[in-house]
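As a basis for the values below, the full set of heavy atoms in this structure was taken, side chains included, without hydrogen atoms, waters or symmetry mates. Just so it is clear, the model here is predicted, and its values are computed rather than measured.
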Amino acid sequence: MDADKKLRRTDDEFTIECSDIILREYRIEDLDELYALTQQPEIMEFLPDWNVSKEQRLHWLIHYETVENKKFIQAVSEGGHIEQLRLRLGIILKETNEFIGWCCTGIKEELSPPNREIMFAISRDHRSKGYTTQAVQAVIKCLFERTNVEELNAVALIHNIPSNRVIQKCGFDLVNRIEIDHEKYNHYKIHKSKWLNGNIADLYLL
């Protein structure tokens with residue numbers, strides 16, 4: 001694996017190292033930084049469902065998110081059959097060790113199966129620097145190389161230009177436009193066969 005992208009599993013934590021960022025499992029101590037990001041107007045606009053109290057966020061971290069992460073990682077180690085499990089990774093800036101965003105994968109119930117998606121968000125202070133693209137490419141690589149996933153989805157509000165650009169850069173093809181909760185989204189897909197046979201697998205080197 002390239003020196004700029006290392007996937008490793010220690011006794012304590014699953015991480016993926018990229019050129020400028022590290023993706024790693026959520027930690028309970030991420031609470032303050034994670035909560036602060038969900039309160040940024042730029043994130044609230046596109047991900048209103050993430051706007052919950054800090055107490056609710058802590059409850060989710062302790063009882064669901066960190067617990068399901070461990071189940072996901074265990075499934076990967078036992079053959080890659082991840083079924084309906086979700087994986088939630090923080091985007092950590094190498095230079096400062098700051099929690100600047102997240103990149104997650106799970107089932108998008110509003111889509112028809114196979115409906116596993118990749119979703120992401122980044123702090124307003126770290127946009128347009130390529131960090132989100134690195135994160136999404138790394139998660140695609142992990143899923144296609146280490147799990148039984150054959151197809152991935154991504155959705156973005158039509159007017160969310162930065163997210164649409166990230167998705168397109170990562171090799172997703174536009175399938176159609178869909179409506180979720182009275183909002184118009186672009187719906188994208190990427191197939192493992194395309195990722196393996198094309199140049200998509202090497203995009204993270206850019």
Side-chain angles (χ1 to χ4, degrees), residues 5-18 21-39 43-44 46-92 99-123 131-132 134-156 163 167 170 180-181 189-190 192:
K5 181 172 297 292
K6 302 173 184 175
L7 188 152
R8 60 180 182 266
R9 176 75 173 98
T10 68
D11 291 339
D12 299 318
E13 197 166 71
F14 173 90
T15 66
I16 307 175
E17 185 175 350
C18 304
I21 61 168
I22 292 174
L23 298 177
R24 64 155 171 78
E25 301 173 58
Y26 280 5
R27 300 171 180 168
I28 304 301
E29 55 265 36
D30 291 327
L31 174 64
D32 289 342
E33 289 179 292
L34 176 57
Y35 177 74
L37 287 178
T38 66
Q39 300 307 295
I43 290 180
M44 290 175 63
F46 297 120
L47 296 173
D49 291 345
W50 286 64
N51 180 23
V52 298
S53 68
K54 184 179 286 190
E55 291 75 18
Q56 180 65 67
R57 177 63 57 194
L58 178 61
H59 179 77
W60 286 346
L61 272 171
I62 293 173
H63 298 287
Y64 298 102
E65 295 170 341
T66 55
V67 173
E68 191 169 21
N69 272 355
K70 296 299 184 186
K71 292 180 180 179
F72 185 103
I73 294 160
Q74 183 68 25
V76 170
S77 70
E78 295 176 350
H81 294 277
I82 56 176
E83 307 301 336
Q84 306 290 305
L85 293 170
R86 297 177 179 271
L87 177 66
R88 302 164 179 89
L89 300 173
I91 302 175
I92 311 301
F99 188 110
I100 63 171
W102 58 80
C103 190
C104 309
T105 179
I107 300 302
K108 186 70 172 175
E109 295 178 355
E110 293 85 353
L111 302 177
S112 300
N115 52 342
R116 176 165 293 277
E117 71 160 345
I118 291 180
M119 59 84 58
F120 51 87
I122 193 95
S123 168
Y131 301 150
T132 312
Q134 288 183 41
V136 174
Q137 290 169 350
V139 173
I140 292 173
K141 182 177 177 68
C142 176
L143 290 171
F144 282 160
E145 288 190 347
R146 299 174 67 89
T147 78
N148 63 332
V149 170
E150 296 288 332
E151 177 180 294
L152 289 167
N153 299 268
V155 299
S163 288
I167 293 167
C170 292
I180 301 175
D181 294 332
K189 285 182 178 288
I190 186 170
K192 183 176 182 177

Full working for side-chain contact (heavy atoms from CB on, under 4.5 Å) between Thr38 and Val52
CA-CA 8 Å; Thr38 66; Val52 298; over 6 Å; no
side-chain contact (heavy atoms from CB on, under 4.5 Å) for Ile167 and Val136? Distances and angles first, verdict last.
CA-CA 8 Å; Ile167 293 167; Val136 174; over 6 Å; no
If you define the side chain from C-beta out and look only at heavy atoms, does anything of Ile28 sit under 4.5 Å from Ile62?
yes
Is it true that a side-chain atom of Thr66 and a backbone atom of Leu61 form a donor plus acceptor pair closer than 3.5 Å?
yes
Is Asp30 salt-bridged to Arg24, cutoff N-O under 4.0 Å?
yes
Should Cys104 and Tyr26 be marked as a side-chain contact (heavy atoms from CB on, under 4.5 Å) after you check the CA-CA gap, both sets of side-chain angles, and the distance that decides it?
CA-CA 10 Å; Cys104 309; Tyr26 280 5; 3.9 Å; yes
Would you give the length of the straight line joining atom CD1 of Ile91 to atom OG1 of Thr132, rounded to the nearest 0.5 angstrom?
5.0 Å
Closest non-hydrogen contact found for Gly101 with Phe99 is O-CE2, 3.2 Å
State the CZ-CZ distance between Arg88 and Phe72, to the nearest 0.5 angstrom.
10.5 Å
Check the orientation of Trp102 and Trp50. Use parallel for under 30°, tilted for 30 to 60°, and perpendicular for over 60°.
parallel
Would you say Ile21 and Ile92 make side-chain contact, with heavy atoms under 4.5 Å?
no
Please report the shortest heavy-atom distance between Ser123 and Leu37, naming the atom on each side.
CB-CD2, 3.4 Å
Atom pairs and distances, donor-acceptor, side-chain atoms in residues 105-117, under 3.5 Å, two or more places apart:
unit_1	atom_1	unit_2	atom_2	d
Thr105	OG1	Arg116	NH1	3.2
Thr105	OG1	Glu117	O	2.9
Asn115	ND2	Lys108	O	2.9
Asn115	ND2	Leu111	O	3.2
Arg116	NH1	Leu85	O	3.1
Arg116	NH2	Glu83	O	3.0
Arg116	NH2	Leu85	O	2.7

Look up atom CD in Glu68 and atom CD1 in Ile73, then write down how far apart they are to the nearest 0.5 Å.
11.0 Å
So, using side-chain contact (heavy atoms from CB on, under 4.5 Å) as the criterion, who are the partners of Glu150 when residues are at least two apart?
Lys192
With a 6.0 Å cut-off (strictly less than), is the heavy-atom count around NZ of Lys71, excluding the residue itself, greater than 12?
no
Is there a side-chain contact between Ser163 and Phe120 (heavy atoms, below 4.5 Å)?
yes
In the structure I gave you, are the side-chain heavy atoms of Ile118 and Leu143 within less than 4.5 Å of one another anywhere?
yes
Nearest-0.5 Å distance, SG of residue Cys170 to CD of residue Gln134:
10.0 Å
Within the 4.5 Å heavy-atom criterion, are Phe14 and Asn69 side-chain neighbours or not?
no
From CD (Glu55) to NE2 (His59), nearest 0.5 Å:
12.0 Å
Rounded to the nearest 0.5 Å, what separates atom SG in Cys142 from atom CG in Leu23?
9.5 Å
Does the side-chain contact (heavy atoms from CB on, under 4.5 Å) test come out yes or no for Phe144 and Ile190, once each step is laid out?
CA-CA 10 Å; Phe144 282 160; Ile190 186 170; 4.2 Å; yes
